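Structure in structure tokens, see below.
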Amino acid sequence: MGQKGLTGFFENFLKQEPIFTNKKVLQSTYTPKTILHRDEQIDQLASILAPILRLERPSNVFVYGRPGSGKSLTIQHVCSNILRVAEKNKLEIKILYLNCKLKGVADTQYRLIANLAREFGIEVPVTGLPTDEIYKLFIKAIEKEKTLLIIILDEIDQLVKKIGDEILYNLTRINTELKNTEISLIGISNDLVFTNSIDPRVKSSLSEEELIFPPYNALQLQDILRQRAKIAFRNETIEEGVIEKCSAYAAREHGDARRALELLRVAGEISERKGKTNIKITDIDEAEEKIDKDTVIDIINTQPKQFKLVLYSITKIHFSSTNTPIFTGEIYDMYKEACFKVGLRPLTQRRVSDIIAEMDMLGIITTRVISKGRYGRTREICLAISDSIINNVSNILKEGLSL
DNA sequence: CGAGATTCATGTGAAGTATACCTTTAGGCTTAA
DNA sequence: AAGCCTAAAGGTATACTTCACATGAATCTCGTA
């Protein structure tokens, strides 16, 4: 569109019937008034946490469920209700939420505690203090306020996989050092067999209560989508079958409601951008690709240069020899070459091996350690994203690294 | 022909190193009495 | 002399390196049928 057309474009945009009436409803931060198909879990969680209103420490809870099965939503729902009642009755109750997956935020013991302390308004240095000093600061902070405290640790499986279960031990033990305040922990895990890998002592004290969130099935997903679509979109915007398709796609991915909603939202955005007034089934495919691309790009943008170089090397190898599995050695050679081009000192193979493992954790690639017998042992690596996205990503990386 | 032994390429754990940052402390400088 | 600032000392977390050992099936070796 030329410069002249710009005003016209905006005019048109304004005239055009908007597809969304309330887009927020489809965003993951939105909490609906009623949560569908989670009554059982809500009741359970509520009765576990209810004692806090009598100023008794509730049991620690461990929550399992695949991503997008409504864990965070349910917990938030219950907690905000508790807080509302607490406020009305002037009860000193605090609830902290922390997502452990965020790199550089809460991915080590130090950083996690530092973050909790920050919630209490203490300035904590990024590094430099001994970890137990941080603990002391944190304990002092919560003791000062004399409250009941619930700490919600989202995705702790990721954290424990990375740095071990010592932190959980410390947290469960922290109550013994407190006089005024009492702490309850709610651990959220995507990994169903996660507790197998932690110290049994920690396990028993952390999972005094357990809550399991089964994945939504396609029908339940449809209900959820309809509920929200009703608010989010103008009437008659959605073509027949769109909701069904969204939920089918998401059901395929272990009933991930978050994904279903995102699909719907992005599909809406896409058709809005195209200047259409309704959402077609074909928009969903486009939306799926866009979401995949965006998540990968998001991940990439938050990672350091070396990480990007490694990923770039993988994509390059992927295109030079399509559909054959990739091995660590190849990647490292390509990576070294890339480093040379950029003028960066290459990391050791040891470290690159760890970076590749991180990528696996992030879901960009899938790896499998295999033995090729006489020809050694290595990781077999496949990119977990579609070719067109890889191509796109590869170009972005290329540009970002000025290769 | 089959049971071990060997081999390769790299996984993986532990310990060491470099860097960035923190607090404490001691010394030097300034300032005000 | 008291107060303030600065730089050095001593300490820590984190990202990375170095070292050393572990892995596990294809291949080799060699004794036996």
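In what follows, chains are A, B, ... by sequence order, proteins preceding strands, each numbered from 1. Predicted model only: the values in this text are computed from it and were never measured.
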query: Do the non-hydrogen side-chain atoms of A:Pro32 and A:Leu73 ever get within less than 4.5 Å of each other?
result: yes
query: Is the NZ or CZ atom of A:Arg345 positioned over A:Phe340's six-membered ring, under 6.0 angstrom from the centre and within 45° of the axis?
result: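 Checked: cation-pi criterion not met.
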query: Between atom CD in A:Gln349 and atom P in C:dC19, what is the gap in whole Å?
result: 15 Å
query: Is the shortest side-chain N/O distance from A:Ser353 to OP1 or OP2 of B:dT10 below 4.0 Å?
result: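 For B:dT10, OP1/OP2 do not have a side-chain N/O of A:Ser353 under 4.0 Å.
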query: If you count the non-hydrogen atoms of other residues, nucleotides and ligands that lie under 6.0 Å from NZ in A:Lys274, is the total more than 12?
result: yes
message: Rounding to an integer number of Å, can you tell me how far A:Gln303 CD sits from C:dC16 P?
response: 11 Å
- line: Angle separating the five-pair end axes of the helix from B:dC1-C:dG31 to B:dT31-C:dA1, nearest 10°, is 20°
- prompt: When you match A:Arg350 and A:Glu330 each to their closest nucleotide on DNA chain B, which lands nearer the 5' end?
  reply: A:Glu330
statement: A:Ile113 atom CD1 is separated from C:dT12 atom C1', nearest whole Å, by 16 Å
query: Any side-chain heavy atom of A:Glu143 within less than 4.5 Å of one from A:Lys179?
result: yes
- line: B/S/- along nucleotides 15-22 of chain B (protein heavy atoms under 4.0 Å) is ------BS
message: What is the distance, to the nearest angstrom, from the CD1 atom on A:Ile355 to the P atom on B:dT12?
response: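 Taking CD1 of A:Ile355 and P of B:dT12, I get 15 Å after rounding.
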query: Can a cation-pi geometry be assigned to A:Lys140 and A:Phe120, taking NZ or CZ under 6.0 Å from the six-membered ring centre and within 45° of the ring axis?
result: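 No.
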- prompt: Can you check the A:Arg368 CZ to B:dT10 P distance for me, whole Å?
  reply: 16 Å
message: Looking only at the side chain of A:Pro130 (C-beta and beyond, no hydrogens), which of the listed nucleotides B:dG13, C:dT12, B:dT10 gets closest?
response: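 Nearest listed nucleotide: C:dT12.
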task: Decide, yes or no, whether a salt bridge links A:Lys280 with A:Asp285 under the criterion of side-chain N to carboxylate O below 4.0 Å.
output: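 A salt bridge is absent here (no side-chain N lies under 4.0 Å from a carboxylate O).
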query: Does A:Arg111 place a side-chain N or O at less than 4.0 Å from the phosphate oxygens OP1/OP2 of C:dA15?
result: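 Indeed, a polar side-chain atom of A:Arg111 lies that close.
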Nearest-Å distance for atom pair CG/P, residues A:Leu309 and C:dA15: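 Between P of C:dA15 and CG of A:Leu309: 18 Å.
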field: Test: A:Lys71 and A:Asp154 ion pair at under 4.0 Å
entry: no
message: For the residue pair A:Thr367 / A:Asp360, report whether a side-chain donor-acceptor contact shorter than 3.5 Å exists.
response: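 Present: a donor and an acceptor within the cut-off.
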field: Base-contact (B) and sugar-phosphate-only (S) positions in nucleotides 23-28 of chain C, heavy-atom cut-off under 4.0 Å, - elsewhere
entry: BBBBS-
message: Tell me whether the count of non-hydrogen atoms from other residues, nucleotides or ligands lying under 6.0 Å of NZ in A:Lys293 goes above 12.
response: no
task: Using whole Å, report how far CD of A:Glu380 lies from C1' of B:dG11.
output: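 After rounding, the reported distance stands at 15 Å.
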message: Looking at A:Glu210 and A:Lys203, is there a salt bridge between them, counting it only when a charged N and a carboxylate O are closer than 4.0 Å?
response: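 No, this pair does not count.
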task: Kindly indicate, with the supporting measurements, whether the criterion side-chain hydrogen bond (donor to acceptor under 3.5 Å, both in side chains) is fulfilled by A:His318 and A:Asp387.
output: CA-CA 9 Å; A:His318 175 84; A:Asp387 268 18; 3.1 Å; yes
message: Please classify the nucleic acid contact of A:Thr328 as base, sugar-phosphate, or nothing, using heavy-atom distances under 4.0 Å.
response: sugar-phosphate
field: Whole-Å gap separating C1' (C:dC16) and CZ (A:Arg345)
entry: 9 Å
- prompt: Would A:Lys372 count as a cation-pi partner of A:Phe327, with NZ or CZ less than 6.0 Å from the six-membered ring centre and within 45° of the ring normal?
  reply: yes
